[in-house]
2 protein chains.
Amino acid sequence: MEKVTLKQIAKRLNLSASTISRALQDSHQISPQTKQKVLELATELNFVPNYHASGLRKKVSKTIAVVIPEVADSYFAQAINGIEAVAQEQGFHVLIYLTHESFLKEQAILRELQNGRVDGVLLAITAETSHNRHIRELLNRGMPLVMFDRVCEDMETAKIITNDLESSYLATRHLISCGCKRVALLSASNSLAMSANRLAGYKKALQEQGHPFRPTDVIACSKAEDVNYFFIKTLLSNAHRPDGIIATVEKQATSVYQVCQELNLNIPQKVKIVAFSNLQSAAFLNPSLTTVMQPAFDMGKAAAANLCKVLKRKNLNILPETQVLPSVLHIRNSTG
Amino acid sequence: MEKVTLKQIAKRLNLSASTISRALQDSHQISPQTKQKVLELATELNFVPNYHASGLRKKVSKTIAVVIPEVADSYFAQAINGIEAVAQEQGFHVLIYLTHESFLKEQAILRELQNGRVDGVLLAITAETSHNRHIRELLNRGMPLVMFDRVCEDMETAKIITNDLESSYLATRHLISCGCKRVALLSASNSLAMSANRLAGYKKALQEQGHPFRPTDVIACSKAEDVNYFFIKTLLSNAHRPDGIIATVEKQATSVYQVCQELNLNIPQKVKIVAFSNLQSAAFLNPSLTTVMQPAFDMGKAAAANLCKVLKRKNLNILPETQVLPSVLHIRNSTG
DNA sequence: GTGAAAGCGCTAACAG
DNA sequence: CTGTTAGCGCTTTCAC
């Protein structure tokens, strides 16, 4: 990259570097004429102040990191959209890091973010994440952090979540009210608070409706697609297979459809299904899919807005407040 | 963010800053004992070298920018996955910029990237982009740039594309061979080379099969969803409506399904449809959707690999070579 | 209003 | 093998 520097402009205008700097920042202590001269030459030369130099000096990067498990999932894709919308508006740049559900990667990424590369972090933890030391470390160093969707409940920081417990409670109740005698839960992980909440909602509905809770009806999914596919196939091949399924992970829904097709199990006659999914195409699946739709875009916006707010008014600590945006149950043909 | 600096480590170990710097970079001219001492203290203090300082000094950012129209589209989501995979492996960080199909934003974003914030750029232009001056400006300044998917054909830089002409040719021929008498094309834009190629393939097939080309059967879609929905509804409400549709934009497929549902037009009996789409769920739509599936993940990987290669071997210019990865036509029930 | 000077934290000659 | 020195390009006191 070729370099046009402040100094060059200063020399060409017979001014000092500081004057140029101030003029470019529209400081009120520079005469209008000078400002104009500077601005003119700057645009002519297409001058853009060096990012590292000003970053080093001002100790800011105007950048936030988004650390998420993956992007090929409509929830996170939409969340990024929301994040990017407010970041762009507020003048922040957005770094994306995918952990691919690997705890080790998450640790390594967060560790490196302590070097001044970013001013703040938006985080949705991996399904593997079992302890919080790496997150706490960041926080201790004063890094503004907002967790969203997959949060650590015991972390003293801002959180944006949806009503997971209630949603899965409603989903389960809906399946039972549609006549399901045995509802299985495809869970995302054993460690996520989000998963625990969805499990709790599921249990609560079962109990309320007088259904027994069978631990074997809860399948903890892995990050490997084929393994999950195998789990689902096994589950549905069983003679005592469930007649209702709650998929708490979007991709699982597709797998269930696939398995049902292969096993010739009619949805919704033999098996009813509701999925936590943000797919636009849910309404056009065969049969159309009953979904719990999370407010992904708005959660992204809320998370970014919260973070940017803190970053604007400097040295104000982030409030450990939790914001809950509601999901909505869209009832379609996959549940009858 | 609290600061642990190189100097502090130096002082505590009674060594010079340069020794610490070299030790941390595992320079072969530092004694093993010193290295160990340094490393120990560094890990103990959780030292991470300041990003801006080293960036300013070394004139690199180890960061690449990905400038794309949007992310809530499975093509770009998968492409990001591919990009991130190789970037992470090669030690590069990934900045995401969404243009939302706005040419002005694209200009503004590319302009700001000239400040040393990134070492290279991956670009898929907007549907609005009519000229190349802003891109050329970047290139002139020596910024390594790889275009992918939506490229400028007349730009002297590396490009990763798919066989758009052939794909839409095959798609059109397929529709005609399924009995369609009148095939419409939902185009992404009037200015993209990609769209021109898809149009050319469509025309070629029509001509080969002795079908007339009707300009009114080509609908240039806008970036506003509702407008496109309206176009599609108008198109299909017409008495002389087409009996075959090629949607060159993923979202359009959903709109077509929706319109057909509303107008009570059975797919595939009344209207057959093939869409350029990477949706995992295409096979489970009602009816299952015939798609042209682009190698999104691999295109992302290829683009990033090309860029990283150039960035590794410094000051080597990017080769203006075009790499073509083939799309594949998946025939399903929406055409048959 | 403008300039001089110092320094952000690190790296890379150049010495020894 | 290690230290000294200079400086990346910018911002910001402090002078005038």
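All chains are named by letter (A, B, ...) in the order of the sequence lines, taking the proteins before the strands, and each is independently numbered beginning at 1.
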Spacing between [X] atom [atom1] and [N] atom [atom2], to the nearest angstrom:
X: A:Lys58; N: D:dT13; atom1: NZ; atom2: C1'; value: 16 Å
X: A:Asn115; N: C:dC10; atom1: CG; atom2: P; value: 10 Å
X: B:Gln29; N: C:dG16; atom1: CD; atom2: P; value: 16 Å
X: B:Asn50; N: C:dG7; atom1: CG; atom2: P; value: 17 Å

Query raised in the report: More 5' along DNA chain D: B:Ala17 or B:Leu56, using each one's nearest nucleotide?
Result: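 Mapping each residue to its closest nucleotide by heavy atoms, the 5'-most match is B:Ala17.
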Report task. Please state whether the base of D:dT2 and the side chain of B:Thr34 form at least one donor-acceptor pair under 3.5 Å? Result ->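 Looking at the base of D:dT2, it does not pair with any donor or acceptor on the side chain of B:Thr34 (distance under 3.5 Å).
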Query raised in the report: Counting only distance, no hydrogens or angles, is the base of D:dG3 paired donor-acceptor with the side chain of B:Arg22 under 3.5 Å?
Result: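 Checked by distance alone, the answer is yes.
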Does a nitrogen or oxygen in the side chain of [X] sit under 4.0 Å from OP1 or OP2 of [N]?
X: A:Ser54; N: D:dC10; result: no
X: A:Ser21; N: D:dT11; result: yes
X: A:Lys59; N: C:dG9; result: yes
X: B:Thr19; N: D:dG3; result: yes
X: B:Ser31; N: D:dT2; result: yes

Report task. Give the intermediate values and the outcome of side chain to side chain donor-acceptor pair (under 3.5 Å) for residues B:Glu106 and B:Ser102. Result -> CA-CA 6 Å; B:Glu106 183 176 288; B:Ser102 154; over 6 Å; no
Query raised in the report: Choosing from C:dT2, C:dA12, C:dG7, which nucleotide comes nearest the side chain of A:Leu15?
Result: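 So the nucleotide nearest the side chain must be C:dT2.
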Requested in this report: Could you work out which one of C:dA4, C:dG9, C:dA12 sits closest to the side chain of A:Ser16?
Outcome: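 Given the options C:dA4, C:dG9, C:dA12, the side chain of A:Ser16 is closest to C:dA4.
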**Report entry** B:Ser16 and B:Thr19 side chains, donor-acceptor separation under 3.5 Å
**Finding:**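 Result is yes, a qualifying pair exists.
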Report task. Taking atom types as modelled, find out whether A:Thr34 and A:Ser31 have a side-chain donor-acceptor pair closer than 3.5 angstrom. Result ->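 Per modelled atom types, A:Thr34 and A:Ser31 side chains form a pair under 3.5 Å.
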Report task. Assert yes or no for the condition that the ring centre distance of A:Phe103 to A:His131 is strictly below 6.0 Å. Result ->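 Ring centres of A:His131 and A:Phe103 closer than 6.0 Å.
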Query - Over all atoms of both residues, closest heavy-atom pair of A:Gly300 and A:Ile83 - result: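 What the structure gives for the nearest pair is O-CG1, 3.4 Å.
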